[in-house]
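Here is the structure we will look at, set down as structure tokens.
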Protein chains: 2
Amino acid sequence: MADIIKRLPSLPSERALKVISGRWKAVILYHLFDGPRRLSELRRLVPAVSQKVLIQQLREMEEHGLVHREIFREVPPRVEYSATTLGQSLEPVLLALCEWGQRHAEELGEFDQVGDCVIRPRQSA
Amino acid sequence: MADIIKRLPSLPSERALKVISGRWKAVILYHLFDGPRRLSELRRLVPAVSQKVLIQQLREMEEHGLVHREIFREVPPRVEYSATTLGQSLEPVLLALCEWGQRHAEELGEFDQVGDCVIRPRQSA
DNA sequence: TTCCATACTGACCGGATGGTAACCATGGCC
DNA sequence: GGCCATGGTTACCATCCGGTCAGTATGGAA
């Protein structure tokens with residue numbers, strides 16, 4: 001269903017935006033920055049997203065090289081999703097976005113409504 | 001039609017993404033970083049976008065505090081769009097996105113297809 | 001009196017996106 | 001054989017987003 005990588009915009013900033021903006025991609029990435037996660041884990045961590053959409057977002061990110069999918073042939077089967085190096089390299093970008101998002105909320109007087117930009121300590125840390 | 005600011009996501013990064021990602025917003029912003037622009041100018045600068053959509057994007061950005069719209073009651077009427085301080089503060093964020101977009105293109109072997117991240121010198125410079 | 005420029009607005013449309021709900025396949029276990 | 005868990009897929013649908021194209025308003029110029 002997706003042999004052809006859908007042509008991304010040639011303007012780099014638009015390209016980046018297209019790759020990052022999916023309803024759940026940021027949240028998912030935050031969790032993957034923490035380390036590999038199974039599908040069932042992600043479902044627990046992000047209960048608001050349905051399984052179909054979760055997989056959808058993960059597959060898109062896989063297609064775009066942000067996420068690695070590894071299947072362990074066990075019973076019951078285990079699948080682990082992890083952030084690739086390219087995916088990891090999004091962390092500072094997401095941080096910049098987050099900080100700007102906070103500023104935006106502040107300046108529009110909605111400071112109370114937004115969360116912070118804390119990124120969980122890496123597993124290895 | 002838009003007294004109520006459409007509720008933005010409370011996760012700051014998502015908020016930022018929502019505000020920035022519109023088909024033409026980045027390009028328009030790049031031009032506004034250069035200084036105020038009339039609608040007709042923007043139409044020339046970004047010929048690929050239709051007038052309706054151009055106005056649409058500008059109005060959304062105005063609503064989100066990125067863009068200022070000033071009407072000069074002349075004949076024929078003149079309207080100038082400019083980046084607010086909040087809008088200007090997006091420049092480094094767009095730069096980060098742009099640089100990441102380039103990296104992404106490189107790592108996917110599409111380096112040739114993307115442009116660079118050069119931001120035009122400010123009018124005042 | 002018609003024409004032009006500027007800056008909008010509105011009707012309509014198609015594709016992408018995200019959402020729900022249901023179903024499928026594997027293979028161990030009771 | 002029926003049930004469980006995991007990790008999917010499928011059909012279907014509503015909404016959004018951007019796109020075309022045509023129309024509106026103002027007021028000076030020809």
Side-chain angles (χ1 to χ4, degrees), chain A residues 1-2 4-9 11 14-15 17-28 31-32 36-64 67-82, chain B residues 1-9 11 14 17-28 31-32 36-64 67-82:
Chain A
M1 81 191 62
I4 314 141
I5 276 201
K6 252 186 227 151
R7 204 139 168 65
L8 292 169
L11 204 76
E14 286 177 352
R15 182 192 188 88
L17 282 169
K18 185 130 200 171
V19 167
I20 306 174
S21 11
R23 180 66 185 83
W24 301 100
K25 289 185 182 170
V27 201
I28 295 173
H31 288 294
L32 294 189
R37 296 270 179 241
R38 305 183 54 169
L39 183 71
S40 43
E41 283 182 282
L42 288 169
R43 290 218 291 150
R44 259 194 318 99
L45 293 164
V46 196
V49 59
S50 76
Q51 179 159 303
K52 189 205 98 174
V53 175
L54 181 54
I55 291 178
Q56 223 171 249
Q57 307 273 308
L58 284 163
R59 292 289 163 86
E60 278 177 35
M61 291 196 285
E62 191 191 3
E63 205 183 334
H64 291 146
V67 161
H68 173 71
R69 178 161 163 269
E70 184 150 19
I71 306 150
F72 298 83
R73 302 224 140 276
E74 306 170 356
V75 156
R78 183 161 61 100
V79 176
E80 269 188 7
Y81 294 90
S82 52
Chain B
M1 85 192 55
D3 329 83
I4 315 142
I5 277 201
K6 251 186 229 153
R7 205 139 168 62
L8 292 169
L11 203 76
E14 284 177 354
L17 282 168
K18 186 131 200 171
V19 167
I20 305 174
S21 10
R23 179 66 184 83
W24 300 101
K25 289 186 182 170
V27 200
I28 296 173
H31 288 294
L32 295 188
R37 297 270 179 241
R38 306 182 53 170
L39 183 70
S40 43
E41 284 182 282
L42 288 170
R43 290 219 289 149
R44 261 193 318 99
L45 292 164
V46 195
V49 60
S50 77
Q51 179 158 298
K52 191 205 98 176
V53 174
L54 180 54
I55 292 178
Q56 222 171 250
Q57 307 274 307
L58 284 163
R59 290 291 165 84
E60 279 178 33
M61 291 196 284
E62 190 192 2
E63 206 183 332
H64 292 146
V67 161
H68 173 70
R69 177 161 164 269
E70 184 148 20
I71 306 150
F72 298 84
R73 300 226 142 276
E74 307 170 356
V75 157
R78 183 160 60 101
V79 176
E80 270 188 8
Y81 295 90
S82 52

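Keep in mind that what you see is a predicted model, and the values were worked out from it rather than measured. Residue numbers begin at 1 in each chain, while the letters A, B, ... track the order of the sequences.
- Note on A:Arg23: a side-chain N or O is less than 4.0 Å away from OP1 or OP2 of C:dG19.
- One finds the OG atom of A:Ser50 at 7.5 Å from the CD atom of A:Gln56 (value rounded to the nearest 0.5 Å).
- The shortest side-chain heavy-atom distance between B:Leu17 and A:Lys25 does not fall under the 4.5 Å cut-off.
- What separates CG of A:Leu54 from P of D:dT9 is a distance of 12 Å, to the nearest Å.
- A:Glu74 places its CD atom 13 Å from the P atom of C:dG27, with the value rounded to the nearest Å.
- A search for side chain to side chain contact (heavy atoms under 4.5 Å, CB included) contacts involving A:Leu54 returns A:Ile28, A:Leu39, A:Leu42, A:Arg43, A:Val49, A:Leu58, not counting sequence neighbours.
- Backbone-only contact: B:Gln57 has heavy atoms under 4.0 Å from sugar-phosphate atoms and none from a base.
- In this structure, CZ in A:Arg37 is found 11.5 Å from OG in A:Ser82, a value given to the nearest 0.5 Å.
- Side-chain atoms of B:Lys52 and base atoms of C:dG10 include no donor and acceptor less than 3.5 Å apart.
- Two residues are said to be in side-chain contact when any heavy atoms from C-beta on lie closer than 4.5 Å; A:Glu63 and A:Arg59 fail this criterion.
- When the C1' atom of D:dG7 is taken as reference, atom CD of A:Gln56 falls 15 Å away, rounded to whole Å.
- Atom CZ of B:Arg73 and atom P of D:dA25 are 15 Å apart (whole Å).
- When distances are taken from the side chain of B:Val75 to each of D:dG27, C:dG18, D:dT20, the shortest belongs to D:dG27.
- The separation between A:Lys25 atom NZ and C:dG18 atom P is 7 Å, rounded to whole Å.
- Comparing A:Ser50 and A:Lys18, the nucleotide of DNA chain C nearest to each residue sits closer to the 5' end for A:Lys18.
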Write down the protein N/O and nucleotide N/O pairs, taken from nucleotides 5-7 of chain C, whose separation is under 3.5 Å; answer none if there are no such pairs.
from: C:dT6; atom 1: O3'; to: B:Arg38; atom 2: NH2; distance (Å): 3.1
from: C:dT6; atom 1: O3'; to: B:Pro77; atom 2: O; distance (Å): 3.0
from: C:dA7; atom 1: OP1; to: B:Arg38; atom 2: NE; distance (Å): 3.3
from: C:dA7; atom 1: OP1; to: B:Arg38; atom 2: NH2; distance (Å): 3.1
from: C:dA7; atom 1: OP1; to: B:Val79; atom 2: N; distance (Å): 3.1
from: C:dA7; atom 1: OP2; to: B:Ser40; atom 2: N; distance (Å): 3.2
from: C:dA7; atom 1: OP2; to: B:Ser40; atom 2: OG; distance (Å): 3.2

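- Atom CD1 of A:Ile28 is separated from atom P of C:dG18 by 10 Å (rounded to the nearest Å).
- For the atom pair B:Glu60 CD and B:Lys18 NZ, the distance stands at 10.0 Å (nearest 0.5 Å).
- The CZ-C1' distance, from A:Phe72 to C:dT26, rounds to 18 Å in whole Å.
- One can place CZ of B:Arg7 at 20 Å from C1' of D:dT15, the figure rounded to the nearest angstrom.
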Checking A:Arg23 against A:Val53 for the side-chain contact (heavy atoms from CB on, under 4.5 Å) test, could you report, in this order, the C-alpha distance in whole Å, the side-chain angles of both residues, the deciding distance, and whether it holds? CA-CA 9 Å; A:Arg23 180 66 185 83; A:Val53 175; 5.8 Å; no
